[in-house]
Amino acid sequence: MSSSQPFIPSSPISPSAGHLRKSKYTFKHLSQLALSSPACPLRVIAHIDLDAFYAQCEGVRLGIAEDQPLAVQQWQGLIAINYPARKFGLSRFIDISEAKKLCPSIILQHVATWREGDAKWAYHEDAFAHIATHKVSLDPYRLESRRILSTIKDVLPAAPVQRVEKASVDEVFLDLSAQIHSILLERYPEISGPAPYDDPTESLPRPPTTALDWNTDALVDLDNHETEDDDPDWDDIAMLVGSEIVSSVRAAIRERLKYTCSAGIARNKMIAKLGSAHKKPNQQTIVRNRAVQQFMGGFKFTKIRNLGGKLGEDVVAKFGTEEVKELLDVSLPQLKSKLGDDTGSWVYEIIRGEDSSEVNSRTQIKSMLSAKSFRPTINSSDQAVKWLRIFVADIFSRLVEEGVLEHKRRPKTINLHHRQGGQMRSRQAPIPSGRALDENVLFEIAKNLLGQIIVDGRAWPCANLQLSVGGFEEGPTGNRGIGGFLVRGEEAKAMKRESEAHASEHGELRAEKRPKNEHGAIQRFLSRQETSHGDSDEDISSIPTHPDIRSVPPDVSRDGQQPKCDDGPPQPASSDTFTCSVCQTILPLMQREEHEDWHFAKSIVAAEKGDPSHQAWTAHGARPKTTTATRRLGASNVNGGHSQKKVAKGQSRLAFG
DNA sequence: GTGGATGAG
DNA sequence: CGCTCATCCAC
């Protein structure tokens with residue numbers, strides 16, 4: 001027969017025969033569509049991306065003409081450039097003076113900022129001149145993002161059909177499958193009935209169309225004639241319906257809020273995202289299933305989500321190409337052997353346009369952060385504490401927007417990150433539940449965390465501080481736990497008592513309890529400052545103190561000096577004595593708290609004075625016999641507890657700093 | 001649960 | 001680039 005020769009008919013299938021053939025898809029696939037199943041071959045995902053979002057926000061807010069070049073300024077840099085300005089060659093990595101040269105007519109709008117002591121962020125005329133005293137606020141954009149999101153939710157059908165995932169401040173993913181399913185049933189009653197013989201594996205009839213009107217801004221075209229000339233199947237119809245929905249969403253955003261956006265419509269999140277970037281601004285791109293291979297083949301795989309960083313670099317290094325097309329020649333076993341089974345499989349699938357990740361209905365944030373880079377660096381806890389106040393004001397105001405006051409949502413943890421040289425460190429603490437959350441509570445915890453970081457290692461000069469809250473709980477907070485009725489400080493003491501009681505069963509302080517106890521000492525110390533706050537200025541110590549972090553003299557030493565450190569081998573602690581992990585002195589257990597607090601206070605004072613010989617006492621001091629305790633509390637950035645690699649990295653950076 | 005790293009925009 | 005947000009993983 002003709003099968004021995006590659007005979008290709010010039011006119012393969014007549015239009016009238018088209019709908020007599022069967023679809024590639026079955027009734028089963030159709031019902032999967034209703035459930036937004038990630039395995040459904042008919043599913044349709046959209047990615048919507050606001051065009052130059054921050055710039056649009058400012059343009060709309062200020063009522064600036066849409067063709068006017070405009071960029072959003074942050075200090076001396078640009079963080080968003082609208083499309084008219086891009087025509088002048090402006091990019092994100094140039095500064096404002098270069099921008100003005102390239103485009104003299106540009107409007108540069110500085111982002112809103114928080115000023116110390118202010119109750120709210122504001123747009124300040126000369127904000128760029130106050131980098132040392134202001135911090136950037138992106139709140140205006142978060143608020144607009146929220147309005148856009150609610151517009152999207154408003155025009156789409158209600159849950160559970162509606163699936164909207166907030167991917168970033170200016171991006172969302174939509175799973176349109178379930179909505180498309182119901183539209184298909186309305187428009188094409190012939191597929192709405194039960195499957196023939198009630199067999200879900202029965203193929204669907206072909207769609208009754210031979211030419212679709214792809215009335216969209218951009219459709220990924222096909223080179224491949226054998227697929228291009230095929231009649232449309234249900235996946236094409238589904239995409240087209242999806243595109244209609246996306247058009248209506250974009251129109252609503254445009255009409256109600258004046259923002260333009262671009263969108264991609266495809267069978268999964270990965271391709272939809274590539275699609276939305278394909279043509280911008282204010283356009284949408286459909287990537288039909290039959291166009292996927294060709295569409296993907298033209299990309300560098302480093303453009304694919306999750307391959308833009310170290311992983312992508314690694315793949316390039318190992319396979320000597322950054323083209324999707326060339327990586328397609330690498331077999332699955334090859335990928336697995338060089339990248340590991342999981343990553344290898346993932347890469348294998350993703351470059352073939354397969355991505356079964358779900359659109360998670362999630363529009364609320366999971367954490368919030370307030371941060372500042374210091375140029376120049378800051379050098380005292382005094383300065384740092386001032387920034388903490390601003391961070392707390394910023395975060396708390398955002399928490400109020402999240403409905404903390406109405407007990408809608410509430411964060412469980414708070415975290416302080418700190419950067420010194422190349423070293424990034426952070427400490428976190430639970431946010432006590434059971435009582436109302438206010439700015440002061442957060443501020444006190446933040447100060448405690450700062451104290452921990454200072455005492456824990458080299459803190460100055462500090463190049464960056466970030467305060468964040470996370471672990472949000474929904475709904476009104478439940479009844480307080482056992483510790484709920486204890487005041488702060490007392491609670492820590494109770495924990496310590498419990499801990500020591502447990503340890504004493506074994507006749508010694510157990511190693512794994514040490515970290516908790518040391519942190520406890522720090523917190524007790526700082527809690528005391530809290531209680532003695534606001535009173536008088538009386539000096540309670542011979543050690544120079546900071547108003548926020550005061551020191552307490554140890555009982556054992558009237559002259560303010562601890563017993564001198566001893567280089568000899570540490571002696572075993574008995575049940576009524578302890579060995580100080582810093583100076584290795586054996587002291588009565590009763591004095592342990594005070595003694596540790598004294599070390600802590602001293603280290604902070606020393607750090608304040610920039611005295612390197614007193615910095616990081618936990619790091620350079622004696623090494624407790626334990627491993628976990630050492631790593632947990634202090635040895636993390638010296639050659640004491642971590643891997644060779646990390647030590648070398650940290651030290652080389654320090655050497656340059 | 002904690003702290004560091006990575007990735008995206 | 002600076003400021004966010006999210007996820008993963010070793011501990």
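Protein chains get the first letters and strands the later ones, always in sequence-line order, with residue 1 at the start of each.
Within the nucleic acid shown, A/L307 comes within 4.0 Å of sugar-phosphate atoms alone, with no base atom in reach, counting heavy atoms only. Contact annotation for A/G77: no contact, since no heavy-atom pair falls under 4.0 Å across all strands. Using a 4.0 Å heavy-atom criterion, one finds that A/R398 contacts the sugar-phosphate atoms exclusively. Among the heavy atoms of the strands, none lies under 4.0 Å from A/Q76.
Rounded to a whole Å, the CZ atom of A/R305 is 14 Å from the C1' atom of C/dC5. Atom NZ of A/K366 and atom P of C/dC5 are 14 Å apart (whole Å). Rounded to whole angstrom, the span from the CD1 atom of A/I79 across to the P atom of B/dA8 amounts to 20 Å. As rounded to whole Å, 20 Å separates atom P of C/dG2 from atom CG of A/L467. Between the CG atom of A/N306 and the P atom of C/dA6 there is a distance of 15 Å, rounded to whole Å. Rounded to an integer number of Å, the gap from A/K273 NZ to B/dA8 C1' is 8 Å. Atom CG of A/N464 and atom C1' of B/dA5 are 15 Å apart (whole Å). Put simply, CG on A/L138 is 18 Å from P on C/dC1, counting in whole angstrom units.
Look at A/S373 and you'll find a side-chain N or O under 4.0 angstrom from OP1 or OP2 of C/dC3. Distances shorter than 4.0 Å separate none of the side-chain N or O atoms of A/R375 from OP1 or OP2 on C/dC1. Side-chain nitrogen and oxygen atoms of A/Q428 include at least one within less than 4.0 Å of the OP1 or OP2 phosphate oxygen of B/dT2.
Out of C/dC3, B/dT2, B/dG9, the shortest distance to the side chain of A/T413 is found at B/dT2. Checking C/dG2, C/dT4, B/dT2 against every side-chain atom of A/P430, the shortest atom distance belongs to B/dT2. Candidate nucleotides C/dT4, B/dT2, B/dT6 were compared by shortest atom distance to the side chain of A/Q466, and C/dT4 ranks first. For A/S168, the listed nucleotide lying nearest its side chain is B/dG9; candidates were C/dT4, B/dG7, B/dG9. In this structure, the nucleotide among C/dT4, C/dG2, B/dG4 sitting nearest to the side chain of A/S426 is B/dG4.
Checked against A/V469 for a side chain to side chain contact (heavy atoms under 4.5 Å, CB included), the options A/L437, A/I431, A/T413, A/V392 give a single hit: A/I431.
Between A/K372 and A/S367, the residue anchored closer to the 5' end of DNA chain C is A/K372, taking for each the nucleotide with the nearest heavy atom. With the nearest nucleotide of DNA chain B identified for both A/M424 and A/K412, A/K412 has the one nearer the 5' end. Mapping A/R92 and A/A167 onto DNA chain C via the closest heavy atom, the residue that lands nearer the 5' end is A/R92.
Under the 30°/60° scheme for interplanar angles, the aromatic rings of A/H130 and A/H134 are found to lie parallel. Note on ring orientation: taking the six-membered ring where Trp is involved, the planes of A/F128 and A/H110 are tilted (angle from 30° to 60°).
A/N268 and A/S356 form no side-chain donor-acceptor contact under 3.5 Å, judged by distance and modelled atom types alone. Inspection of the A/K166 and A/S145 side chains reveals an N or O donor paired with an N or O acceptor under 3.5 Å.
A distance of 13.5 Å separates CG in A/L138 from CD in A/E144, rounded to the nearest 0.5 Å.
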